[in-house]
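In what follows, a single structure is set out as structure tokens and then discussed.
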Amino acid sequence: METEGVACIRGVNLAKRFQSGGTGLTIFSHLSFDVVRGERLALIGESGTGKSTLLYILGGLDRPSEGTIYFGQQDISSLSDTGLAEFRNREIGFVWQNHSLLPEFTALENVMMPLLIRGASVTDATPASLARLDEVGLRNRASHRAGELSGGEQQRVALARALVGNPSVLLADEPTGNLDFRTGEMIVALLQDLHRSHQLTSIYVTHNISFANRCDRVLQLDQGVLAPWSGDGFPHCRPGQEQPIMWKDGGNHV
């Protein structure tokens, strides 16, 4: 769809406002930025600044109060609800802090859900779903229900589910937030490997600065302003960890 160095996702003058008890609340406004194809972008900021809201808007799960979102040349802001749902199913994989697996279904059944929603039969959806479980090291757990899996295994199933439909974009909201340090590190490494092997464009909302530092670019959302992270205002990395790469190309746009 796009070539490297060309914007895969572009937000133009995005704003989000809510009404609360007759009072208007502006989460952010006038946000404009590009995400380059193949990029791994980390969004950081204090709780309540609107990071998850922005991620939901980029993924078509919510609509901006103002502004436009482009995927390549397509304005997804103008799609109908049905068209937006079809676009999400085809182009975007989602991973949440809470894995959101269906407890009554097996790992395999959870992974194949996006394909079944797309209209595929169980017979057709099974090989691709098993392949994704194999990628995350859980093919031997395919028949286990979600409640029989550890937290780390559940998140790996969620990753397999996010990728089973071969999306071009992966959006992850605090994917290590509910995990212990060691398991979280395993998920970070897996995200890195899957990003590369599936040729994804990935956007991660995270409070994990170690995780953010491994991305190509780090943006901070603070008081409605989205800007390159200065390295201040969050815990410093431990010695030996990678430092954040703010810009790959020296560009002057967010």
Side-chain angles (χ1 to χ4, degrees), residues 47 51-53 55-63 79-191 193-195 197-198 200 202-208 211:
S47 297
K51 304 181 303 298
S52 295
T53 298
L55 196 74
Y56 298 162
I57 289 173
L58 294 177
L61 291 170
D62 195 3
R63 294 183 184 271
L79 293 175
S80 66
D81 289 346
T82 299
L84 198 53
E86 292 174 350
F87 177 84
R88 287 195 305 267
N89 181 269
R90 186 175 66 253
E91 295 290 345
I92 304 175
F94 295 95
V95 180
W96 313 111
Q97 179 175 343
N98 179 348
H99 50 75
S100 300
L101 300 182
L102 299 172
E104 66 271 27
F105 292 105
T106 66
L108 176 60
E109 289 166 339
N110 270 281
V111 172
M112 66 172 64
M113 282 297 171
L115 298 181
L116 299 181
I117 292 171
R118 193 178 295 183
S121 67
V122 171
T123 300
D124 290 339
T126 297
S129 301
L130 286 172
R132 297 294 81 77
L133 281 172
D134 194 34
E135 274 191 299
V136 299
L138 290 177
R139 190 182 181 107
N140 65 336
R141 303 284 270 167
S143 62
H144 291 253
R145 298 189 187 279
E148 299 173 325
L149 304 175
S150 69
E153 288 173 334
Q154 290 173 346
Q155 195 65 311
R156 284 151 65 191
V157 171
L159 274 170
R161 180 184 58 189
L163 298 178
V164 72
N166 292 318
S168 60
V169 173
L170 179 67
L171 304 180
D173 190 6
E174 293 287 358
T176 64
N178 284 340
L179 304 174
D180 61 77
F181 176 79
R182 182 176 179 181
T183 305
E185 286 294 296
M186 291 173 61
I187 294 297
V188 168
L190 186 57
L191 282 165
D193 291 343
L194 293 172
H195 172 88
S197 62
H198 285 265
L200 295 166
S202 301
I203 304 176
Y204 313 122
V205 165
T206 184
H207 286 102
N208 185 332
F211 180 22

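Scanning both residues, F94 and G59, for their nearest heavy atoms gives CZ-O, 3.3 Å. Among all heavy-atom pairs drawn from S52 and D173, the shortest one is OG-OD2, 2.8 Å. When all heavy atoms of G152 and I187 are compared, the pair lying nearest together is O-CD1, 4.1 Å. The two atoms that bring H198 and N166 nearest to each other are ND1-OD1, 4.5 Å, heavy atoms only. Across every non-hydrogen atom of L116 and A125, the tightest pair is CD2-CB, 4.2 Å. Residue Q155 comes nearest to W96 through the heavy atom pair NE2-O, 3.0 Å, listed as atom of the first residue, atom of the second, then distance.
Side-chain contact between L138 and Q154 is absent, with no heavy-atom pair separated by less than 4.5 Å. Contact of the T126 side chain with the M112 side chain is registered, since non-hydrogen atoms from C-beta on lie closer than 4.5 Å. Side-chain contact check for L194 versus V136: some heavy-atom pair is nearer than 4.5 Å.
Taken from CG in L200 to CG in L170, the straight-line distance is 5.5 Å, to the nearest 0.5 Å. With rounding to the nearest 0.5 angstrom, the CG atom of L159 is 5.0 Å from the CG atom of L191. A distance of 9.0 Å separates NE2 of H99 from CZ of R161, quoted to the nearest 0.5 Å. Atom CG in L171 sits 12.0 Å away from atom CD1 in I57 (nearest 0.5 Å). Rounding to the nearest 0.5 Å gives a distance of 10.0 Å between OG of S121 and CG of L115. Atom OH in Y204 sits 13.5 Å away from atom CD in E174 (nearest 0.5 Å).
Taking a cutoff of 4.0 Å between a charged side-chain nitrogen and a carboxylate oxygen, R132 and E135 qualify as a salt bridge.
Using a 3.5 Å distance cut-off with no hydrogens or angles, the side chains of E153 and H144 do not pair a donor with an acceptor.
Residues passing the salt bridge (charged side-chain N to carboxylate O under 4.0 Å, His left out) test with D134, sequence neighbours excluded: none. With sequence neighbours excluded, no residue forms a salt bridge (charged side-chain N to carboxylate O under 4.0 Å, His left out) with R118.
Judged by distance alone, with hydrogens and angles left aside, the side-chain atoms of R145 form a donor-acceptor pair with the main-chain N or O of E104 at under 3.5 Å. Looking at R141, its side chain never comes within 3.5 Å of a backbone N or O of V157 through a donor-acceptor pair. With hydrogens and angles disregarded, a donor-acceptor distance shorter than 3.5 Å links the side chain of R88 to the backbone of G60. Counting only distance, with no hydrogens or angles, the side chain of N89 and the backbone of P114 share a donor-acceptor pair below 3.5 Å.
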